Amino acid sequence: MQLADILDELYAGLPETFVATRNDRARSAREAGHTSLAEEVGKLPKPSAAAWVLNMLVRHRRDEIDRALQLGATLRRAQQNLDSEQLRRLSRQRRERVAGVVAVGQALAGELGRPISAAAVAEVEQTLHAAMADPQAAASVLGGRLTRALSSVGWGSAESAAAVPDPPTAKNQARSGKEPEAGRRREELASAKRTSANAERKRKSVEAQLVEIRQRIDELSTRNTTVESELTALQDRIGDLKQERRNIEDQSRFLAREHERLADAADHARRDAGRARKRLDRLGQSRPQR
């Protein structure tokens, strides 16, 4: 019974079977006299829903994960080179790629009989962003043994201690037993190098973000000038339309008065015409007889 085999079995299964399988394997190890193995297995953490989906993607849709992480590596190089144009293009591709992988993950979870919640979907997306930002986080995802979602506090700086590591080989165990002091020094040196590399990545990331923000500010300033020009033109047009409306109102009032005057004149004319017809009729009736 090997720890690596147990890890693969546990983190390739469904979350609801994890605890029972873990306890069974720990019990079997204990009964076989492998006390330390039993203790290690008994402490293995159950993966969250988001971690389980990512583990399944690594096992069943590895090409989707590989493409996303390759794009992340390209983005990191662009950050280091401060290539703002490439950064904008790759950032758009990153959003599209993450959305695509999340959709594949949701579909896969459904196929495996365990649809995930909206909160888990958000954690899958968060972990993908972290893995694309940091190579250590990417390695954790590719290991297929995530226990919880990863988070990133900045481009190139992801928290990645959320996966079960590969068990040490017998050779490495023997070497560490013979050379504890040398091993500690190597680990300290490796840790210092990682810290230095992370700091350098952060510096380059911040500088790249500054370049991008300055360009965005320039774009917004140009757009603001355009909007102000359009607004001035609209205000002028509004002034013209208001003047036209005043002219129309003046003409309407004038025509209303003319209409009223002509209506009165028409009434007088009709009365005059009526009186003239009556007078004509009387004169015709009073003509002398011969």
Side-chain angles (χ1 to χ4, degrees), residues 50-51 53-108 120-144 146 149-163 190-230:
V53 170
L54 287 154
N55 292 339
M56 294 303 99
L57 282 167
V58 168
R59 286 173 170 79
H60 301 288
R61 301 290 189 273
R62 178 62 178 256
D63 56 336
E64 296 285 346
I65 294 292
D66 285 341
R67 282 196 293 269
L69 297 184
Q70 287 167 7
L71 178 61
T74 304
L75 254 170
R76 292 195 299 273
R77 287 193 294 272
Q79 288 278 7
Q80 292 173 352
N81 296 331
L82 302 179
D83 189 337
S84 57
E85 181 61 33
Q86 187 183 28
L87 276 174
R88 280 194 293 272
R89 177 173 55 81
L90 292 174
S91 295
R92 182 172 60 255
Q93 292 180 14
R94 177 185 60 183
R95 290 191 295 271
E96 294 171 354
R97 184 65 52 81
V98 167
V101 176
V102 169
V104 171
Q106 287 181 278
L108 178 59
V121 169
E123 288 189 346
V124 170
E125 182 176 353
Q126 165 190 310
T127 301
L128 288 170
H129 279 290
M132 294 175 77
D134 185 270
Q136 292 181 359
S140 295
V141 170
L142 289 175
L146 283 179
L150 303 180
S151 60
S152 178
V153 295
W155 188 257
S157 177
E159 175 276 309
S160 58
S191 177
K193 287 181 177 178
R194 287 195 297 270
T195 300
S196 176
N198 284 337
E200 182 64 15
R201 282 197 298 270
K202 285 182 182 179
R203 181 189 66 79
K204 291 180 177 179
S205 171
V206 170
E207 289 177 353
Q209 291 173 30
L210 281 173
V211 171
E212 190 171 354
I213 288 173
R214 289 192 202 101
Q215 291 181 341
R216 184 59 180 153
I217 289 173
D218 291 341
E219 292 171 359
L220 290 173
S221 178
T222 300
R223 178 56 184 158
N224 185 58
T225 301
T226 302
V227 169
E228 287 182 349
S229 177
E230 292 175 353

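Owing to the predicted nature of the structure, the values given are computational and were not obtained by experimental measurement.
Distance CG/L150 to NE2/H129: 13.0 Å, rounded to 0.5 Å. N55 contributes atom CG, which lies 11.0 Å from atom CG of L142 (distance to the nearest 0.5 angstrom). Between the OG atom in S140 and the CG atom in L54 there is a gap of 11.5 Å [rounded to 0.5 Å]. In this structure, the separation between CD on E85 and CG on L90 is 10.0 Å, given to the nearest 0.5 Å. Atom CG of L87 is separated from atom CZ of R92 by 12.0 Å, given to the nearest 0.5 angstrom.
Looking at every heavy atom in both residues, S151 comes nearest to A130 through C-CB, 3.9 Å. Scanning all heavy atoms of the two residues, the minimum distance from A131 to R76 falls at O-NH1, 4.1 Å. Considering all non-hydrogen atoms of both residues, R59 and G144 come closest at NH1-O, 2.6 Å.
A side chain to side chain contact (heavy atoms under 4.5 Å, CB included) with V98 holds for exactly one of Q126, M132, Q93; it is M132.
In this structure, L128 and I65 have side chains that are in contact, with non-hydrogen atoms separated by less than 4.5 Å. Within the 4.5 Å cutoff, the side chain of V53 has no heavy atoms near those of the L108 side chain. Looking at heavy atoms from C-beta onward, R97 lies out of side-chain contact with R94 at the 4.5 angstrom threshold.
Using modelled atom types, one finds a donor on one side chain and an acceptor on the other under 3.5 Å when comparing R77 with T74.
Checked against side-chain contact (heavy atoms from CB on, under 4.5 Å), E123 has the following partners two or more places apart in sequence or in another chain: S48, A50, A149. Every side-chain contact (heavy atoms from CB on, under 4.5 Å) that V121 has, sequence neighbours left out, goes to V102, Q106, I116.
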